[in-house]
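Not measured: the values here are computed from a predicted model. Throughout, numbering of the chain's residues begins at 1 and tracks the sequence. Counting starts at 1 for both ligands and their atoms, following the listed order.
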Amino acid sequence: MFDIADLKLENLLCAIDDEGIATVTLNRPAKRNALNAATIEELVRLFSALPGSDVRAVVLRAEGPHFCAGLDLVEHGQSERSPAEFMRLCLRWHEAFTKIEYGGVPVIAALKGAVVGGGLELASSVHIRVMDETTYFGLPEGQRGLFTGGGATIRVPALIGRARMVDMMLTGRLYSGDEAVSVGLAQYRVPDSEAKAYELARACAQNTPLSNFAICSAISHMQNMSGLDAAYAEAMVAGIVNTQELNIRSSAGTDGDRVGSLKYGDRVEILEKSGDWGRIS
Ligand code: 1HE
């Protein structure tokens with residue numbers, strides 16, 4: 001396991017429990033967790049390190065009542081960035097969010113309050129979004145004379161479609177409540193988004209790391225490919241994942257209680273994982 005202290009985090013917190021669940025906290029509540037350049041660099045460092053560690057799932061949460069207010073507008077205003085400087089900053093945002101989406105470790109966001117602008121760009125890079133009653137989503141860039149720079153043009157239409165994103169940016173439309181779930185901005189809406197995020201993280205952590213790696217990287221990669229290339233890549237990934245050796249009790253063969261290795265096609269009734277018994281099919 002890597003040493004979190006080596007990452008020297010100031011705007012994020014990270015803690016890893018005995019089950020391999022990492023809690024990553026956006027920790028600038030006084031600034032509504034606005035993303036300054038330093039926070040982006042910390043996200044890059046942290047999400048570069050987590051996939052190679054023993055971490056099995058990540059809960060991304062925030063201090064304070066709001067998940068994330070997007071780009072740090074104060075820093076942006078004071079920095080007087082040139083076009084080239086802001087372009088390079090956006091590339092660092094892409095680096096951070098690509099690490100999250102393609103890292104191969106399930107990341108579940110516990111959302112609350114404002115998930116706006118770059119906050120929505122961050123949220124849309126995770127694998128599962130859980131919202132509570134206070135959560136709302138917006139892209140206020142259009143009203144502020146800005147444009148998205150952290151991947152919204154790629155990830156948000158993938159969630160809700162191009163027309164809804166254009167509407168959000170042109171008119172400042174916000175989504176909340178059941179509507180946010182029905183359009184695809186969140187997969188779950190519950191009273192306590194953190195409790196649900198941990199429940200989901202523990203469930204994901206029961207899967208084999210190799211399956212999770214494929215689910216949390218290959219599916220995204222395949223969206224970038226032609227259908228023909230994606231089919232080829234899927235076969236390659238399945239070749240690796242579906243022939244992995246598992247510690248299982250299989251009903252295949254004559255010995256229904258056998259503890260042994262799973263081969264693709266075996267009918268598996270129970271799988272021993274972290275001391276619990278779960279059913280897979
Ligand atoms: C900030 C930021 C910020 C708050 N950058 N400092 N994002 C936005 O357009 C959203 C801007 N923020 C808001 O709309 C509101 O702050 C919230 C709805 C998120 C929260 O409202 P509220 O009433 O709880 O807080 P507040 O009083 O507005 O702000 C509290 C403090 O947070 C205050 O600092 P203080 O030192 O005066 O106490 C605010 O300045 C600070 N704060 N939001 C910096 N965003 C790669 S391109 C991405 C492009 C974008 O993301 S555009 C969207 C930008």
**Request:** Kindly work out whether a path of hydrophobic side-chain contacts (I/L/V/M/F/W/Y, heavy atoms less than 4.5 Å apart) joins I108 to L111.
**Result:** no
**Closest protein heavy atom (residue, atom, distance) for atom 40 (O) of ligand 1** = V74 CG2, 4.3 Å
**Message:** Heavy-atom distances under 4.0 Å decide this one: backbone, side chain, both or neither, for D72 against ligand 1?
**Reply:** both
**C90-ligand 1 polar pair, N/O distance under 3.5 Å** = no
**Message:** Taking 4.0 Å as the limit for heavy-atom contacts, which would you say applies to Y136 with ligand 1: side chain only, backbone only, both, or neither?
**Reply:** side chain
**Request:** Examine ligand 1 and decide if any of its atoms is less than 4.0 Å from a heavy atom belonging to A30.
**Result:** yes
**Asked** Quick check: does W93 get an N/O under 3.5 Å from an N/O on ligand 1?
**Response** no
**Prompt:** Would you say atom 8 (C) of ligand 1 has a protein heavy atom nearer than 4.0 Å?
**Reply:** yes
**Asked** Under 4.0 Å from atom 28 (O) of ligand 1, is there any protein heavy atom?
**Response** no
**Asked** Going by distance only, is there an N or O of A114 that falls short of 3.5 Å from an N or O of ligand 1?
**Response** no
**Message:** Test question: given the 4.5 Å side-chain rule for I, L, V, M, F, W and Y, name all other residues clustered with V166, or answer none.
**Reply:** L170
**Message:** Quick check: E121 and ligand 1, any N/O pair under 3.5 Å apart?
**Reply:** no
**Asked** Linking Ile, Leu, Val, Met, Phe, Trp and Tyr by side-chain heavy atoms under 4.5 Å, what else ends up with I240?
**Response** L210, M222, M225, V237, V241
**Nearest option to atom 50 (C) of ligand 1, as decided by whichever heavy atom of R144, K31, E141 sits closest** = E141
**Distance-only donor-acceptor check, side chains D178 and S182, under 3.5 Å** = no
**Item:** Test item: protein heavy atom less than 4.0 Å from atom 19 (C) of ligand 1
**Value:** yes
**Heavy-atom protein neighbour under 4.0 angstrom from atom 37 (O) of ligand 1** = no
**Request:** May I ask you to identify, for H66, whether its side chain, its backbone, both or neither come under 4.0 Å of ligand 1 on a heavy-atom basis?
**Result:** side chain
**Asked** Would one find an N or O of F86, backbone or side chain, under 3.5 Å from an N or O of ligand 1?
**Response** no
**Prompt:** Short N/O distance, under 3.5 Å, between A69 and ligand 1?
**Reply:** yes
**Request:** Look only at interatomic distance and state if R32 has a nitrogen or oxygen under 3.5 Å from any nitrogen or oxygen of ligand 1.
**Result:** yes
